[in-house]
Amino acid sequence: VSEFSLPESDKARFARCIEASKRVRWDIDADVIRGRSFNMMQTFLPKGLSKVDDLPFLVEGEKRFLSQVQGRTYAYIFGLVERFINAKVLELSREHALGDQTALEALVRFSDEELKHQELFRRIEKMADEQMPPGYKPAGDPDAVAKAVLGMSTWAVLMLTLHIELFTQLHYRESLEPDESLSPLYKDVFLFHWKEESQHAILDELELRRHDADLTEEQRDKGVDDFIALVGAVDGLLQAQAAEDARYFLEVAARRFSDEETQAVKDGILKAYRWQYILSGAQHRPFQRVLGDLINEQQAQRINQALQPLMAA
């Protein structure tokens with residue numbers, strides 16, 4: 001356990017996160033699910049995230065089903081990434097164990113909430129499976145993904161974690177919250193998730209800046225390389241899941257599509273996933289601010305070069 005002293009401003013932010021955590025605390029059954037099940041006549045993921053309107057040959061029922069397929073994946077992938085996020089938070093909490101107990105409590109609460117989120121998303125996956133036609137298949141194993149991610153430098157893992165937990169808030173506020181046509185149950189899942197992720201993003205930034213302050217230029221440069229590699233790994237996962245989801249959607253659809261339409265479905269799902277999990281967060285100003293504070297111009301160029309093919313596609 002390392003010894004260090006937290007600045008008073010950081011101590012105050014940790015304390016505020018604890019206060020907020022206590023205030024918004026929720027229960028999966030009592031507050032989120034409340035005895036409900038999914039209504040398959042309702043949309044799950046809003047059009048701003050699913051991009052279903054980019055496929056004009058789909059009729060409304062097909063667009064709704066594609067939103068449900070993507071919405072199921074959206075919940076599954078959040079559960080998947082929270083596996084490595086929680087492992088990293090537990091690791092970081094040890095550095096505060098014999099130091100500032102407010103920081104320790106904030107991170108322990110963070111970990112407890114992430115475990116609850118994983119349980120919530122497992123429940124949602126089971127509920128979706130009960131309502132949707134058979135054949136859906138997740139492409140990633142949470143433990144295998146977590147092991148691969150945690151093999152990278154802490155700087156890179158914290159930067160990816162911050163990226164994820166900032167875009168979850170962006171997606172809820174800008175796409176899910178204002179859409180009155182969505183499944184109320186699905187919408188509530190991400191309302192309550194958002195309430196706790198708001199504190200998590202603050203803690204991510206505090207821990208990232210604390211960790212960064214002790215790095216050499218060479219270590220930070222390695223962190224940038226690892227972050228680029230992690231973004232590439234995320235894209236690999238998205239390509240695999242998009243292919244599975246396209247297969248599932250096309251198999252379940254009540255009609256046959258032309259070769260051009262089939263390819264458009266495959267391309268459209270991958271484009272939507274890249275927007276959801278990579279590009280929307282990369283362009284989000286709060287993330288750009290933190291990243292810009294910690295890297296130099298040459299490192300920024302390397303990251304931008306890595307993102308260009310995804311943006312072009």
Side-chain angles (χ1 to χ4, degrees), residues 38-83 118 120-142 144-145 164 167-168 171 175-176 179 182-183 185-187 189-190 193 231-281 310 313:
F38 286 117
N39 179 346
M40 300 312 291
M41 295 304 294
Q42 295 173 327
T43 298
F44 287 9
L45 207 62
K47 293 178 179 179
L49 294 173
S50 69
K51 307 296 185 185
V52 294
D53 281 349
D54 291 352
L55 302 171
F57 54 86
L58 297 182
V59 299
E60 283 307 307
E62 291 165 344
K63 290 182 179 180
R64 181 174 62 247
F65 180 59
L66 185 53
S67 85
Q68 293 163 354
V69 176
Q70 287 200 34
R72 182 173 178 176
T73 286
Y74 190 74
Y76 180 79
I77 289 186
F78 274 125
L80 180 148
V81 300
E82 287 180 342
R83 188 69 57 88
Q118 289 183 57
L120 171 63
F121 290 128
R122 287 194 296 271
R123 294 275 298 277
I124 294 306
E125 167 57 29
K126 182 179 179 182
M127 292 169 66
D129 190 58
E130 291 169 351
Q131 296 290 329
M132 297 176 73
Y136 176 88
K137 182 181 177 183
D141 174 74
V145 171
I164 292 168
F167 79 58
T168 63
H171 291 177
S175 294
L176 286 132
D179 193 333
L182 303 183
S183 156
L185 171 56
Y186 189 83
K187 195 170 179 178
V189 169
F190 290 96
H193 183 247
V231 171
V234 169
D235 189 58
L237 174 64
L238 298 182
Q239 290 184 50
Q241 190 64 58
E244 283 292 345
D245 288 356
R247 173 200 56 77
Y248 175 61
F249 172 80
L250 293 165
E251 286 178 358
V252 172
R255 65 182 174 103
R256 291 183 63 84
F257 294 96
S258 69
D259 290 346
E260 292 79 9
E261 290 170 338
T262 296
Q263 190 60 50
V265 167
K266 294 176 179 178
D267 293 343
I269 294 174
L270 178 56
K271 180 181 179 181
Y273 289 177
R274 282 171 163 167
W275 169 250
Q276 291 165 27
Y277 301 105
I278 299 176
L279 299 177
S280 64
L310 305 183

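- Side-chain rings of Tyr74 and Phe190 approach one another, their centers coming within less than 6.0 Å.
- Proximity of a side-chain donor or acceptor of Glu244 to a complementary backbone N or O of Pro138 within less than 3.5 Å is not detected.
- No hydrogens or angles considered: nothing links the side chains of Thr168 and His193 as a donor-acceptor pair under 3.5 Å.
- Side-chain atoms of Arg247 come within 3.5 Å of backbone N or O of Gly135 as a donor-acceptor pair.
- For the atom pair CD of Glu261 and NZ of Lys266, the computed distance is 13.0 Å after rounding to the nearest 0.5 Å.
- Once rounded to the nearest 0.5 Å, the distance linking CG of Leu250 with CG of Asp245 reads 10.5 Å.
- In this structure the side chain of Pro133 reaches within 4.5 angstrom of the side chain of Phe65, judged on heavy atoms.
- The aromatic rings of Tyr136 and Tyr248 lie perpendicular to each other, with more than 60° between the two planes, well past the 30° mark.
- Closest non-hydrogen pair, Pro56 versus Asp54, comes out as CD-O, 3.2 Å.
- Note that the NZ atom of Lys271 and the CG atom of Leu279 stand 10.5 Å from one another [nearest 0.5 Å].
- Minimum interatomic distance between Phe44 and Ser183 (heavy atoms only, all atoms of both residues): CD1-CB, 4.0 Å.
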Exercise for review: List the steps and the verdict of side-chain contact (heavy atoms from CB on, under 4.5 Å) for Arg64 and Met41.
Suggested key: CA-CA 8 Å; Arg64 181 174 62 247; Met41 295 304 294; 3.5 Å; yes
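- Between Val234 and Val81 the shortest side-chain heavy-atom distance does not fall below 4.5 Å.
- When all heavy atoms are compared, the tightest approach of Leu58 to Arg255 is CA-NH2, 4.2 Å.
- Contact between Leu80 and Pro142 at its shortest, heavy atoms only, is CG-CA, 3.9 Å.
- A heavy-atom distance below 4.5 Å is found between the side chains of Phe249 and Glu62.
- Residues Ala272 and Ser50 come closest through the heavy atom pair CB-O, 3.4 Å.
- Counting heavy atoms of neighbouring residues, nucleotides and ligands inside a 6.0 Å radius, atom CZ of Arg256 does not exceed 12 of them.
- Note that CG of Asp53 and NZ of Lys47 are 4.0 Å apart. Values are rounded to the nearest 0.5 Å.
- Counting heavy atoms from C-beta outward, Phe38 and Ile124 have side chains that approach closer than 4.5 Å.
- At a cut-off of 3.5 Å, with distance as the only test, no side-chain donor of Tyr186 or Thr43 sits close to an acceptor on the other residue.
- There is no side-chain donor-acceptor pair under 3.5 Å between Gln68 and Gln131.
- Residues Leu45 and Thr73 form no side-chain contact, since every pair of their non-hydrogen atoms from C-beta on lies 4.5 Å or further apart.
- Residues Gln241 and Ala139 approach most closely at OE1-N, 2.7 Å, considering heavy atoms.
- Residues Val231 and Asp235 have side chains not in contact (no heavy-atom distance under 4.5 Å, counting atoms from C-beta outward).
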Check your understanding: Given Ile77 and Phe121, is the side-chain contact (heavy atoms from CB on, under 4.5 Å) satisfied, shown in steps?
Key -> CA-CA 9 Å; Ile77 289 186; Phe121 290 128; over 6 Å; no
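- A salt bridge is defined here as a Lys NZ or Arg NE, NH1 or NH2 lying under 4.0 Å from an Asp or Glu carboxylate O, and Arg122 with Glu125 fails to meet this definition.
- Side chain to side chain, Asp259 and Gln263 fail the donor-acceptor criterion of an N or O pair below 3.5 Å.
- Here the side chains of Leu55 and Lys63 are not in contact, with every heavy-atom distance at 4.5 Å or above.
- Note: Gln276 CD to Leu238 CG = 8.5 Å, rounded to the nearest 0.5 Å.
- Note: Asp141 CG to Leu237 CG = 11.0 Å, rounded to the nearest 0.5 Å.
- Contact annotation: the side chain of Gln70 approaches that of Tyr273 to within less than 4.5 Å [non-hydrogen atoms, C-beta and beyond].
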